[in-house]
Every structure is written in C-alpha cells, then in structure tokens.
Amino acid sequence: MNNRTAEPPKNFIRQIIDQDLADGKNDGKVLTRFPPEPNGYLHIGHAKSICLNFGIARDYRGLCNLRFDDTNPDKESQEYIDAIQKDIRWLGFEWSTLCFASDYFEQLYQYAVQLIESGKAFVCSLDSEEIRRQRGTLTEPGQDSPYRNRTVKENLDLFQRMRSGEFQEGEHVLRARIDMASANINMRDPVLYRIKHTAHPRTQNAWCIYPMYDYTHCLSDALEAITHSLCTLEFEDHRPLYDWVLDTLQTPNHPQQIEFARLALDYTITSKRKLGLLVQEGHVDGWDDPRMPTLSGMRRRGIPPEAIRDFCDRIGITKKDALIEMSVLENCIRETLDPCASRIMCVLKPLKVVIENYPEDQEEMLEVGNHPKDPDMGRRSVPFSRTLYIESDDFLEDPPGKFFRLAPGREVRLRYAYNITCMDVIKNEAGEVTELHCRYDPESGGAAGRKKKVKGVIHWVSARHAVDAEVRLYDRLFNIPDPGSSPELAASLNPDSLEILQDCKIEPAAQALALEDRVQFERQGYFCLDREHTQKEHPVFNRIVTLRDSWQKLEKKT
Ligand code: ATP
Ligand code: MG
C-alpha cells in the first residue's frame with residue numbers, strides 16, 4: 001500500500017468512523033471492502049471508491065477486502081476478475097483478503113432456508129412481468145402475490161427443487177415477505193433468488209439459482225465482519241432492506257451502510273456497461289484504449305497512478321452528486337509529471353531547415369540538463385548539425401503582429417543551440433513550404449548567445465540523428481459534457497478524439513526510453529511509449545496530457 005505523509009482530509013465518513021472509534025464500537029476495528037461486479041473493467045469512478053475504502057483501511061490501521069460481487073453469471077467472466085485485480089494493484093493498493101460472493105452461496109442458501117422457516121420468505125410463481133406490474137408505484141401500494149401465503153413446508157420443498165434444477169428459468173423466484181404497502185418500493189417483497197441455468201465462472205454448474213444483489217451484499221458484508229459498508233448514493237433507498245435482512249437473520253455482525261456521491265466526470269462516461277458498448281461496437285481500441293476512462297486505458301495512456309490518487313483526494317467525498325471537470329484530473333496529472341518527467345525535444349509536424357553557413361561535415365554535441373529545475377535528473381547530449389527539423393507551426397510566411405517565431409527575414413532561437421535567421425523559403429509545385437534556408441549566428445551559442453534578446457525560442461531536432469516515431473494525440477472521447485445522459489451514446493462521440501502523426505522526429509535520447517518512462521516533449525505536453533507497440537525502430541508515443549488546458553480556451557472561442 002502506498003505511503004503518504006500528508007494527513008488526508010476528514011470527510012464525513014471519516015468523521016463517522018472517528019466517532020465509532022471514540023464510542024468503542026466494533027471493538028475498535030475498521031474493516032472495509034471494495035465490491036466490484038466482474039462484468040467489465042474498472043474506471044475512474046471505481047478509483048474513487050478504491051481510494052476511499054483502501055485509504056480508510058490504511059489510515060485507521062484497518063483492513064480492506066476485495067470482494068467480487070459475482071452473482072450474475074450471464075455478464076461476468078474470469079477476464080474481468082483478473083483485470084480488476086491488476087488495476088487495483090496498479091493504483092497502489094493491496095487487499096487483505098480476496099473474497100467472492102460465490103464462496104458464500106451455500107451459506108446464503110442456508111440463510112434463505114431460515115427466512116422461509118420463520119415465514120419471512122416465500123416462493124412466488126408469478127412471472128417477472130406480473131411481479132413488476134403488482135409492485136405498485138411511488139404513489140400506489142403494491143398488491144400481495146397470490147403465492148404469499150404458501151406454507152413453510154411447501155416453500156421449503158419448492159425452494160429445494162429450484163436448487164436441484166427441476167424448473168425452468170422464470171418459473172419461480174424466492175421473495176422476501178415484508179410489506180407490499182411500504183412507502184419504499186425496495187421493501188415490497190423483493191426477489192431474493194432467481195433461477196438461471198447459466199454456468200458461473202467459479203462455481204460452474206454447481207448452482208442454477210443465484211441470489212440477488214441486495215440479499216447477497218449485506219450478508220457478504222456481515223460474513224466478512226465488515227464494519228463500514230461504503231456505497232454510492234443510489235443505494236440509500238436500499239439501506240432499509242440491507243438492515244432488514246441482517247436484523248431478521250440476527251447475523252453476528254451488522255455492518256453500517258454509508259452512502260456517498262458517485263464520481264461523474266465531464267466529457268466521459270463512468271458506467272462499465274456503457275464503456276463495454278463502446279468496446280463491442282468498435283468505437284475504441286478495446287477496454288484499454290488510451291481515450292477510455294478505464295484504469296487500464298489510463299495506464300496505457302501513461303497517466304501515473306499517483307495522479308489518480310491525488311485527484312480522488314482533491315475531489316473529496318460528499319453526499320452531493322456533481323459533475324467534475326476533466327481539467328481537475330488533467331491538472332493533477334500535470335502536477336505529478338512536471339517534477340519528474342525528463343525534457344526532450346520532438347518535432348510533431350516536421351519542416352526541414354538547412355543552415356547554409358554551418359559546414360556539411362560538422363556536428364556538435366550540446367550538453368543539456370534533463371530538467372530545468374532539477375539538476376539531479378542528469379544531463380544528455382543533443383546533436384546539432386546543418387540539417388534540422390523544426391515544427392511546421394513555428395514558421396509562417398506572412399506572420400501576424402504577435403507571432404514571435406520564424407518568418408522570412410526573422411531571427412529565432414533554437415532551444416539550447418543558436419539563433420537562426422530565415423533567408424529563403426523553398427516551395428513545391430503545389431505552393432507548399434517544403435524547406436527553409438537559414439543562417440546561424442556562430443556567436444549565439446551557449447550562455448553568451450542567450451544574452452542576445454530574441455523573442456521566440458523553438459524546439460528542433462537534428463535530421464541526421466533523429467528517431468522516427470509515431471505520436472498519438474488524444475482529445476476528449478465525447479463532445480458533450482454529459483454523454484452519460486444521452487440516449488444515443490455513439491452520436492456524441494468526438495470524431496477528433498484521436499490524431500495519429502506518423503512522421504515525427506525525436507532527438508536520439510528517445511531510444512533509451514523504457515516503457516514506464518514519462519517525458520515532456522518540450523512545448524508539446526507529456527508523453528510515454530505505447531505498451532501495445534514496442535518495436536524499437538519506430539516507436540509509438542501517446543500524449544498523456546498537454547502542457548496547458550487548451551480545451552477551455554477553445555470552448556470559449558466556439
Ligand atoms: P458500473 O455501473 O460502472 O458497473 P457499478 O456501481 O455497478 O458501476 P460495481 O462493480 O458494482 O459497479 O462497483 C464497485 C464499487 O464501486 C461499488 O461500491 C460502487 O458503488 C463503486 N462505484 C462504481 N462507480 C462509481 C463511481 N462513478 N463513483 C464512485 N464509486 C463508484
Ligand atoms: Mg453494476
């Protein structure tokens with residue numbers, strides 16, 4: 001588990017725990033759990049819950065379990081079980097005990113038998129449509145099922161036969177016997193078990209009845225002696241049922257359910273199901289597409305896990321839903337990367353520059369620091385020669401007033417090197433600029449040269465020494481702030497969320513980069529190697545984040 005020195009902010013859940021400890025509750029123990037359903041990959045919303053649950057365990061010297069809520073075999077798989085574990089560890093946390101709700105299937109069954117024996121559950125033979133119709137509405141009470149008064153004996157017999165596979169799916173369900181007139185619809189005889197003739201990733205064909213979430217979750221918490229069961233706000237209305245099950249069964253432990261607001265981030269979605277649709281429909285390159293808000297996507301993009309933890313700390317834990325701006329996450333990423341990312345020069349859209357007065361057979365190795373503020377990050381040699389590449393955007397033939405970069409007759413500084421003046425512009429038949437002929441000032445090298453005031457400083461790469469690379473620039477996946485609420489998910493995808501530049505030129509230091517290195521391409525942003533494309537001769541880089549928040553400026557313009 002990651003160590004930290006700063007005192008974490010005291011959110012309302014930590015205040016409740018402090019009070020519980022002061023009151024001597026739970027024998028002074030704190031035990032939380034993170035309970036994902038293995039029906040997809042974890043996303044940034046889950047990171048909030050992970051940081052909360054594991055963070056509390058860490059700070060209170062408690063424990064946090066990882067529990068797979070694997071009660072719906074139709075949608076769950078081993079692939080997801082494995083991916084979820086990998087992502088939690090990557091985020092920097094380790095669980096105390098790895099648990100599966102399916103490990104409790106026999107105990108849950110025995111508890112259900114107890115409910116039947118005490119007249120608190122019955123086998124209902126209405127189909128799901130009828131059950132829904134008879135449930136009533138927010139303003140009208142529901143109707144009692146005609147099967148509600150089956151005898152205990154009959155219920156036990158039917159439930160046993162449900163388990164042994166005598167019935168088809170939908171023929172019977174087991175329901176709690178609570179109150180069809182309750183103001184809380186969740187308390188109107190909720191379904192506890194349904195028949196499903198589906199093999200389970202772990203129990204295979206041992207079971208053909210599966211417990212429902214509301215019944216499973218509270219009992220799993222109780223069986224693991226969880227003290228504080230933290231979940232998102234939509235479960236507030238389920239809390240009476242959570243408590244009913246545990247009170248009725250008089251379980252030895254009765255965890256306290258506490259709800260907090262889900263994380264919603266603008267311009268993206270936080271729902272496994274919807275993210276899964278993007279994958280299935282081929283809108284993205286898998287769950288780990290670098291544009292995805294999944295932990296695996298963010299890992300591939302190069303986002304450091306520290307930045308995600310910092311983000312979760314900063315947004316805090318509250319009871320009020322809010323849409324958080326993506327720029328908050330991006331700022332956390334920049335702040336994490338700035339002190340530790342080496343600087344390197346990369347030309348994304350190259351324009352050739354020939355320095356007429358620099359001898360053809362000459363080259364220099366310029367010694368430069370890897371980080372402007374941190375000499376401990378070392379130095380490297382950057383080769384300089386007669387033919388260079390600069391960024392096409394750094395040259396304009398007919399520049400507007402405030403353009404301080406290269407233009408005909410203008411002088412500009414090549415970072416770490418010399419000042420050059422543009423003498424001649426070479427064009428192709430189509431009239432496009434293909435090459436610039438410049439002259440350099442041999443006196444402008446090094447510290448002495450820097451004294452001479454030139455307004456623009458641009459980056460460059462020596463042509464002869466350059467590493468050819470592909471660079472992928474990512475933008476927001478959606479072009480509306482709240483795509484989750486849109487019925488047509490695909491229609492709100494940002495068509496420009498991926499730009500592939502295939503002809504980029506990087507200084508030779510790029511060859512020494514390892515997969516986990518994150519660097520700043522000067523003036524361009526933070527980048528890392530893509531894990532899926534590892535050939536040395538033609539590396540592929542992902543842009544993690546730009547240097548500044550250009551999106552808001554853009555939005556204001558349009
Ligand atoms: P999804 O709709 O993406 O499947 P879920 O809530 O159904 O989300 P689970 O796998 O059941 O996903 O979630 C595991 C835990 O993560 C739960 O405790 C859940 O409340 C929490 N969680 C999921 N999404 C968010 C979110 N956006 N913000 C905070 N916590 C979340
Ligand atoms: Mg879910």
Side-chain angles (χ1 to χ4, degrees), residues 11-13 32-57 64-72 74-77 79-85 87-88 91 93 95 99-102 201 212-214 216-218 220-221 224 226 228-239 242 255-280 287 292-298 308-309 311-324 326 328-329 482-485 489:
N11 57 54
F12 79 96
I13 295 179
T32 56
R33 84 287 169 268
F34 173 65
E37 185 184 353
N39 63 345
Y41 282 62
L42 297 181
H43 51 65
I44 182 81
H46 293 109
K48 176 174 179 177
S49 177
I50 293 170
C51 290
L52 174 66
N53 281 293
F54 285 92
I56 283 175
C64 180
N65 290 347
L66 168 59
R67 184 199 315 136
F68 285 100
D69 229 318
D70 55 344
T71 54
N72 190 359
D74 292 339
K75 297 189 189 144
E76 298 162 3
S77 75
E79 177 197 347
Y80 300 139
I81 293 175
D82 296 339
I84 287 171
Q85 296 181 59
D87 288 347
I88 295 172
L91 197 53
F93 297 102
W95 44 91
C99 308
F100 292 85
S102 55
M212 300 298 286
Y213 174 88
D214 278 330
T216 311
H217 199 85
C218 52
S220 306
D221 282 347
E224 291 170 24
I226 300 300
H228 300 85
S229 174
L230 315 177
C231 63
T232 38
L233 281 181
E234 69 272 22
F235 289 101
E236 198 162 15
D237 287 346
H238 297 239
R239 190 179 348 126
Y242 185 104
Q256 179 182 3
Q257 174 177 310
I258 308 171
E259 307 85 14
F260 63 96
R262 286 182 90 81
L263 166 67
L265 253 195
D266 66 3
Y267 296 96
T268 193
I269 42 178
T270 44
S271 152
K272 281 193 239 105
R273 189 182 62 79
K274 288 181 182 167
L275 291 169
L277 279 178
L278 296 181
V279 175
Q280 275 161 35
W287 284 97
M292 291 278 268
T294 50
L295 296 186
S296 53
M298 293 193 283
I308 299 174
R309 296 197 300 263
F311 169 74
C312 291
D313 278 351
R314 283 200 215 178
I315 57 173
I317 300 291
T318 65
K319 274 264 183 200
K320 215 164 134 40
D321 281 316
L323 192 61
I324 307 282
M326 186 67 92
V328 178
L329 174 60
D482 187 12
S485 64
L489 204 57

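Numbers here simply count residues along the sequence, with the first being 1. In what follows, every heavy atom counts, from backbone to side chain, and hydrogens, waters and symmetry copies are set aside. Ligands are counted one by one from 1 in listed order, and the atoms in each one are counted from 1 as well.
- Residue Pro36 has at least one heavy-atom neighbour below 4.0 Å for each of these atoms of ligand 1: 10 (O), 14 (C).
- Residues that satisfy the side-chain contact (heavy atoms from CB on, under 4.5 Å) test with Ser77, not counting sequence neighbours, are Glu79, Tyr80.
- The distance from ligand 1 to the heavy atoms of His46 drops below 4.0 Å at these ligand atoms: 3 (O), 8 (O), 9 (P), 10 (O), 12 (O), 13 (O), 14 (C), 16 (O), 22 (N), 23 (C).
- Not one N or O on the side chain of Thr232 forms a donor-acceptor pair closer than 3.5 Å with the backbone of Arg262.
- Residue contact annotation: Lys274 has no non-hydrogen atom under 4.0 Å from ligand 1.
- Once rounded to the nearest 0.5 Å, the distance linking OG1 of Thr270 with NZ of Lys48 reads 10.0 Å.
- Between Leu263 and ligand 1, a contact under 3.5 Å exists for at least one N or O pair.
- Considering backbone and side-chain atoms together, Arg273 places no N or O closer than 3.5 Å to any N or O of ligand 1.
- Arg33 places a side-chain N or O within donor-acceptor distance of the main-chain N or O of Leu230, the cut-off being under 3.5 Å.
- Taking the side chain as every heavy atom from C-beta outward, His217 and His238 never approach each other to under 4.5 Å.
- Remark: ligand 1 and Lys272 share an N or O pair separated by less than 3.5 Å (distance only, no angle test).
- The shortest N or O to N or O distance between His43 and ligand 1 is under 3.5 Å.
- Each of the following atoms of ligand 1 lies closer than 4.0 Å to a heavy atom of Thr232: 20 (O), 29 (C), 30 (N), 31 (C).
- Taking a 4.0 Å cut-off on heavy atoms, Phe34 registers as neighbouring ligand 1.
- Closest heavy-atom approach to atom 29 (C) of ligand 1 among the candidates Pro35, Gly45, Pro293: Gly45.
- Here the side chains of Arg273 and Lys75 are not in contact, with every heavy-atom distance at 4.5 Å or above.
- Listed by chain and number, the residues in a salt bridge (charged side-chain N to carboxylate O under 4.0 Å, His left out) with Glu224 are Arg67 (sequence neighbours excluded).
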